[in-house]
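Read the structure below first, then the notes.
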Amino acid sequence: MKIKILTSIVGLWLLASCAAGLSDSQDLQEQKIRQIISEMTLDEKIGQMQQSNDGFFGDDEATKQAIRDGKVGSFLNMVGAERIAEFQRVALEESKHGIPLLFGRDVIHGFRTIFPIPLGIASSWEPDLAQEAMRVSAVEASSMGINWTFAPMMDVTWDPRWGRIAESCGEDPLLASKFAVAMVKGFQGDLNDPTAVAACAKHFVGYGMSEAGRDYNTTYIPEPLLRNVHLRPFKAAADAGVLTFMSAFNDLNGVPTSGNEFTLKHILRDEWGYKGMVVSDWASIEEMIAHGFAADKKQAAEISVKAGVDMEMASTCYADNLKQLIKEGVISEDLVDNHVANILRVKMEMGLFDKPYDNHVSTDTILAPSHLKVSRELARKSMVLLKNNDNTLPISKNIRSLAVIGPLADAARDQLGTWIFDGNGDDSTTPKEAFGEILGNRMNYSSGLEYSRDKSTKGFAKAISAAQNSDAILIFAGEEAILSGEANARGIIDLPGIQTELITELKKTGKPLILVVMAGRPLGIGAEMDMADAVLYAWHPGTMAGPAIADLVFGDFSPSGKLPVTFVKGAGQIPFYYYRKNTGRPATENDVVYIDDIPRDSKQLSLGFKSMHIDYGITPLLPFGYGLSYTEFKYDNLKLSSKEMSTDGAITLSADIRNIGNYEAEEIVQLYIHDKVGSITRPIKELKGFEKINLKPGDVKNVSFELKAEDLQFYNGDDYIIEPGDFEVWIGPNSDEGLKGSFVLK
Ligand code: NOJ
């Protein structure tokens, strides 16, 4: 084990600060930072602001020389535990100031042990478990030398076309905030520990609103929506101590977010007092040229450095131009010093100056049984039961024979989902493997289609015969990992290829049809849901997909996930999110006129002058918060501690939840409000709390929520306000149902 020896500068500084009687450790840290900066050349400072991809400087010898020369502050995508340790050794022992490096990597939903995609993780509504999963990820990643992850992504999105919805926690700002905080805590853990991995709040901000879901696209977000929705997870993460932020790719209201002074300086630094560091997204500074916001790399550097981006990822606008910009008096060296201070602060908070840099390098933690256990539990809890007619599920392990069909039944790599740099399909247990293990030759497997987009019916006959020879059919349909994630936007959100045709053929066998969807986005599956007797939405569940699905299908556990995003009927219904506004002409079910019912020779001017679609109607396929169980829960006895709340007060709301079915199961109890009249119009519902409970058959639990006046605060265009008035409130199983009450905020 090698121990880093403190440089003489730091030793001297420590002596000096002790002599000055400084006791506050943060003051000491700031002094230490300023001391180091005062001894750095301008080139070395600019070097700290550069994050380069592995191989950028050439081979490993050239890379070491670049580190010795202080040309780089961080690397991304560097692999190899020993290699990383050696580079860190060079930085600490052979570079002039002994400044350690940050080694960044996209550890998004697992390192080698892969958890469900974040949208699946959010479906668990169990932030504590997400925290545990990200801790596992940090333990595995740090064992390979990674000390910084570009996660969690906390972009709120309403758009299933956007491929990165897979990486999000869905449409709700409260749910996204809770998961953002939990994941930050999981990754960072105890910063003094060698397994700490700095987290990154990304993508700041508004990226989830890319036009039409086309990645990297324009966003227009009025300030109330920005503050009431999109900024909230970032603020929560900043308050929870996230060490870094990433500026995004998108143009926000005409100003690219990697050069956006309003968000990066005014909000993040001045308003929130954030002291961590901001890294650009990959080349997002240089991309301001393509945006038409900077004429060249030099102007791009000027804009971003002034706006507040500390470190440039991948491109070299800073490295090539900051010195010249200072020389010309366009920016000051003080500005650069402040950026470098933000970077060094993160390195110090992480303890990288002092931590032994290779004592934790080991591979024995990778895929540890305890890690796989968390992965299986989270996968199980991420799955959402969307339909279960006549208790089709669960099925008995004693079933005579079960047909396992579909292109996703044995997709070892694809079940891991998007953004898994270090995940490995060979580590996966697929549904085919898990069901085969349990059923042996009572499983009749036939893929039917080789992959989701396969257009050939040549496998249909075998699949149909497997179904005919079985007591029930389990079909695994969906999308491969490549169809979601960064840049992978879809305009059509239905099941790809001819999977629907396969399901239609299987339906004709008359056997119970259980559809398991494995996908990176909420797909438009209305027609398939109509055909299936039961539907389990499994997202991309990760390494343990097979065992987790078997746990649920055979009833060892009841499904408990709930949707973190509204399921639309088709892409034309987008955007459709539960906290939409009421409009001046809201339609009710009775108002809806469907296209097929309009008389051919209708002379009507309009179909009722209401806000609706004449094909989709007014409801989504499934509402936010929805999810079934093998048991049934009854909500009763809503109580409010008072019908009045003062503007600095709180009330308690409670309800009894009873398990009136036959299965022990978990239920996610949700609290919603509606602010009836506001100085700006208010959403028809807003989630204000949730709690997961476990109930045995016959058991009842009283669930209570404290609702504070400050929870009712919103930004109205001028300020954050708590506005007196009438409120409706619901405690229920999803955003569409629940026990309703009311109170007045006075
Ligand atoms: C671009 C992506 O937008 C970002 O999320 C990721 O962390 C970086 N590339 C680095 O891979």
Side-chain angles (χ1 to χ4, degrees), residues 50-56 72-79 102-111 117-119 134 137-138 141 146-157 159 162-169 176 180 183-184 187 197-210 213-219 230 233-234 237 242-252 256-260 276-288 290-291 304 309-316 346 417-423 481-482 484-489 520:
Q50 174 69 36
Q51 180 184 54
S52 294
N53 202 35
D54 192 7
F56 176 81
V72 60
S74 169
F75 285 100
L76 77 159
N77 296 330
M78 206 160 239
V79 286
L102 284 164
F103 294 96
R105 184 92 168 148
D106 289 284
V107 181
I108 306 297
H109 51 113
F111 185 73
I117 53 169
L119 196 56
M134 296 311 117
S137 310
I146 308 301
N147 54 23
W148 182 18
T149 177
F150 306 120
M153 184 181 110
M154 49 194 75
D155 299 305
V156 172
T157 184
D159 201 330
W162 191 47
R164 301 196 85 169
I165 194 170
E167 286 178 70
S168 83
C169 284
M183 291 189 191
V184 167
F187 282 125
V197 170
C200 184
K202 76 181 187 185
H203 306 83
F204 197 61
V205 56
Y207 183 40
M209 294 284 276
S210 292
R214 288 187 298 269
D215 212 353
Y216 316 119
N217 223 277
T218 309
T219 61
H230 297 277
F234 290 94
V242 69
L243 287 171
T244 73
F245 264 59
M246 184 187 290
S247 65
F249 286 127
N250 56 301
D251 164 349
L252 174 64
T257 39
S258 286
N260 196 310
M277 115 191 186
V278 179
V279 65
S280 77
D281 202 342
W282 181 285
S284 62
I285 297 181
E286 186 168 344
E287 286 174 14
M288 289 196 298
H291 274 293
S304 291
V309 178
D310 301 309
M311 183 180 274
E312 179 172 6
M313 183 191 288
S315 53
T316 56
V346 168
T418 187
W419 267 123
I420 41 123
F421 272 145
D422 302 281
I482 188 63
S484 59
E486 185 176 344
N488 306 332

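As the structure lists them, so they are numbered: ligands from 1, and atoms in each ligand from 1.
- Annotation: Asp281 places an N or O atom under 3.5 Å from an N or O atom of ligand 1; distance criterion only.
- Looking at Gln51 against ligand 1, nothing comes within 4.0 Å, counting heavy atoms.
- The Phe150 neighbourhood of ligand 1 comprises atoms 7 (O), with distances under 4.0 Å to a heavy atom of that residue.
- No donor-acceptor pair closer than 3.5 Å links the side chain of Ser52 to the backbone N or O of Phe75.
- Between the side chain of Asp159 and the backbone N or O of Gly213, at least one donor-acceptor pair lies under 3.5 Å.
- Judged purely by distance below 3.5 Å, without hydrogens or angles, the side chains of Thr244 and Trp148 pair a donor atom with an acceptor atom.
- Proximity of a side-chain donor or acceptor of Ser280 to a complementary backbone N or O of Glu312 within less than 3.5 Å is not detected.
- The shortest heavy-atom distance from Glu167 to ligand 1 is not under 4.0 Å.
- Looking at Tyr207 next to ligand 1, no N or O pair under 3.5 Å apart turns up.
- When non-hydrogen atoms are compared, ligand 1 lies under 4.0 Å from neither the backbone nor the side chain of Tyr216.
- Nearest non-hydrogen protein atom to atom 11 (O) of ligand 1 is Asp106 OD2, 2.4 Å.
- Under 3.5 Å, the side chains of Asn77 and Asp54 contain no donor-acceptor pair of N or O atoms.
- Ser304 places a side-chain N or O within 3.5 Å of a backbone atom of Ser258 that can act as its donor or acceptor partner.
- Between Lys202 and ligand 1, a contact under 3.5 Å exists for at least one N or O pair.
- Distances below 4.0 Å separate heavy atoms of Trp419 from the following atoms of ligand 1: 11 (O).
- Put simply, no part of Met153 is less than 4.0 Å from ligand 1, judged by heavy atoms.
- At least one donor-acceptor pair closer than 3.5 Å links the side chain of Thr257 to the backbone N or O of Asn250.
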